[in-house]
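Reviewing the structure listed below.
Just so it is clear: chains get the letters A, B, ... in the order the sequence lines come, proteins before strands, and each one is counted from 1. Side chains are part of it too, since the values below use all heavy atoms of this structure and drop only hydrogens, waters and symmetry mates.
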There are 2 protein chains.
Amino acid sequence: MLTREGCPESVLAIKDALEALEGRWKLLIMLSLSLGNKRFKQISKEIPGITDKMLSKELKTLETNKLIKRTVYDTFPPTVEYSITPHGKSLEKVLEELYHWGQEHRKQVIGK
Amino acid sequence: MLTREGCPESVLAIKDALEALEGRWKLLIMLSLSLGNKRFKQISKEIPGITDKMLSKELKTLETNKLIKRTVYDTFPPTVEYSITPHGKSLEKVLEELYHWGQEHRKQVIGK
DNA sequence: CCGTATCCCTTAAGATACTG
DNA sequence: CAGTATCTTAAGGGATACGG
């Protein structure tokens with residue numbers, strides 16, 4: 001299953017996936033939201049080290065790519081809730097495998 | 001299952017995983033090698049856009065993290081073969097899920 | 001064949017302060 | 001509460017040329 005360029009089709013598919021998920025934060029945000037709908041501050045508290053700026057920026061990108069949904073409630077002070085879309089939900093399998101691998105990696109390499 | 005910092009344990013495990021896999025190339029290299037042992041040039045040909053410098057650098061990091069193995073054969077010209085370790089092999093599940101998700105993502109969002 | 005060595009540029013991302 | 005704006009630094013990564 002090679003393309004004309006001599007590169008496996010699977011490489012191309014994963015390259016597209018990685019482009020949508022690149023950076024240190026997107027997958028962590030997706031994980032946080034897959035554990036339940038959350039508000040800005042709640043996500044921020046669950047992800048160690050993320051700044052408001054990065055969270056804000058990444059949320060926008062994820063929304064553009066239709067992985068999450070942003071819902072604004074007309075209250076004062078403003079209430080905004082983030083949730084994952086069906087397409088975003090399909091990422092959960094990736095996250096699960098990554099979770100298992102991360103635990104194994106700690107034992108094998110990091111030594112925690 | 002929260003840590004003292006109020007952050008889910010799964011977030012920490014995935015954070016560790018992402019640290020070992022960060023960047024645009026590592027997962028693609030792992031994929032290429034999971035399809036079979038390969039030499040430097042062969043990997044390079046399978047991954048569109050990667051430069052020798054980046055490939056060389058990432059291969060070292062992956063070797064340090066015990067995800068791949070580098071074997072040198074004493075020939076002229078030199079022959080070097082890369083293969084995945086058992087720990088690297090455990091990444092294949094992640095790659096499979098990422099592959100499926102990438103295909104879906106193309107249909108849903110990119111429109112290929 | 002299998003890389004290294006430079007040089008350079010863009011982007012990610014942290015810190016801090018501020019707004020509707 | 002839910003973000004923006006601005007500034008700055010570190011790092012990722014590309015182009016090119018060269019070495020064992």
- Query: What is the distance, rounded to the nearest whole Å, between atom CD1 of B:I47 and atom P of D:dG14?
  - Reply: 12 Å
- Message: For A:I14 versus B:L31, what's the shortest heavy-atom pair and its separation?
- Response: CD1-CD2, 3.8 Å
- Query: Taking DNA chain C as the partner, which of residues 51-61 of chain B come within under 4.0 angstrom of it by heavy atom?
  - Reply: B:D52, B:K53, B:S56, B:K60
- Message: D:dA2, OP1 or OP2 - any side-chain N/O from A:R39 closer than 4.0 Å?
- Response: yes
- Rounded to the nearest 0.5 Å, how far does CG of B:L28 lie from CD1 of B:I50? 7.5 Å
- With sequence neighbours left out, what residues match A:E96 under side-chain contact (heavy atoms from CB on, under 4.5 Å)? none
- Between C:dC2 (C1') and B:I68 (CD1): distance, integer Å: 14 Å
- Can you name the residues that form a side-chain contact (heavy atoms from CB on, under 4.5 Å) with A:Q42, not counting sequence neighbours? A:K38, A:R39
- Query: Which residues satisfy the ring pair (Phe, Tyr, Trp, His ring centres under 6.0 Å) test with B:W25, sequence neighbours excluded?
  - Reply: none
- Shortest side-chain distance from B:F40, nucleotide among C:dC1, D:dC1, C:dG3: C:dG3
- Message: If you assign A:G49 and A:P78 each to the DNA chain C nucleotide with the nearest heavy atom, which residue ends up on the more 5' nucleotide?
- Response: A:G49
- Query: What is the distance, rounded to the nearest whole Å, between atom CD1 of B:I50 and atom P of D:dG12?
  - Reply: 14 Å
- Item | Terminal axes of the helix from C:dC1-D:dG20 to C:dG20-D:dC1 (five pairs each): angle between them, nearest 10 degrees | 60°
Using a 3.5 Å cut-off and no angle test, enumerate the donor-acceptor pairs between side-chain atoms of residues 53-65 of chain A and protein atoms at least two apart in sequence or in another chain.
residue: A:E58; atom: OE1; partner: A:K26; partner atom: NZ; Å: 3.4
residue: A:T61; atom: OG1; partner: A:K57; partner atom: O; Å: 3.2
residue: A:T64; atom: OG1; partner: A:K60; partner atom: O; Å: 2.9

Exercise answer: donor-acceptor pairs, residues 78-85 of chain B side-chain atoms, under 3.5 Å, sequence neighbours excluded:
residue: B:T79; atom: OG1; partner: B:T75; partner atom: OG1; Å: 2.9
residue: B:Y82; atom: OH; partner: B:R70; partner atom: NE; Å: 3.3
residue: B:T85; atom: OG1; partner: B:K66; partner atom: O; Å: 2.7
residue: B:T85; atom: OG1; partner: B:L67; partner atom: O; Å: 3.2
residue: B:T85; atom: OG1; partner: B:H87; partner atom: N; Å: 3.4
residue: B:T85; atom: OG1; partner: B:G88; partner atom: N; Å: 3.0

- Query: When the distance from CD of A:E63 to C1' of D:dG3 is rounded to whole Å, what number comes out?
  - Reply: 14 Å
- Message: Can you list everything that forms a side-chain hydrogen bond (donor to acceptor under 3.5 Å, both in side chains) with B:E19? Sequence neighbours excluded, please.
- Response: none
- Item | A:Y82 side-chain N/O to D:dG3 phosphate OP1/OP2 under 4.0 Å | yes
- Query: What parts of residues 17-31 of chain A reach DNA chain C, counting only heavy atoms under 4.0 Å away?
  - Reply: A:R24, A:W25
- Query: In whole angstrom, what separates A:D74's CG from D:dA2's P?
  - Reply: 14 Å
- Non-neighbouring partners of A:E97 that pass side-chain hydrogen bond (donor to acceptor under 3.5 Å, both in side chains), sequence neighbours left out: none
- salt bridge (charged side-chain N to carboxylate O under 4.0 Å, His left out) against B:K89, all qualifying residues, sequence neighbours excluded: B:E92
- Item | Between D:dA2 (P) and A:Q42 (CD): distance, integer Å | 8 Å
- side-chain hydrogen bond (donor to acceptor under 3.5 Å, both in side chains) filter on B:S34, not counting sequence neighbours, yields none
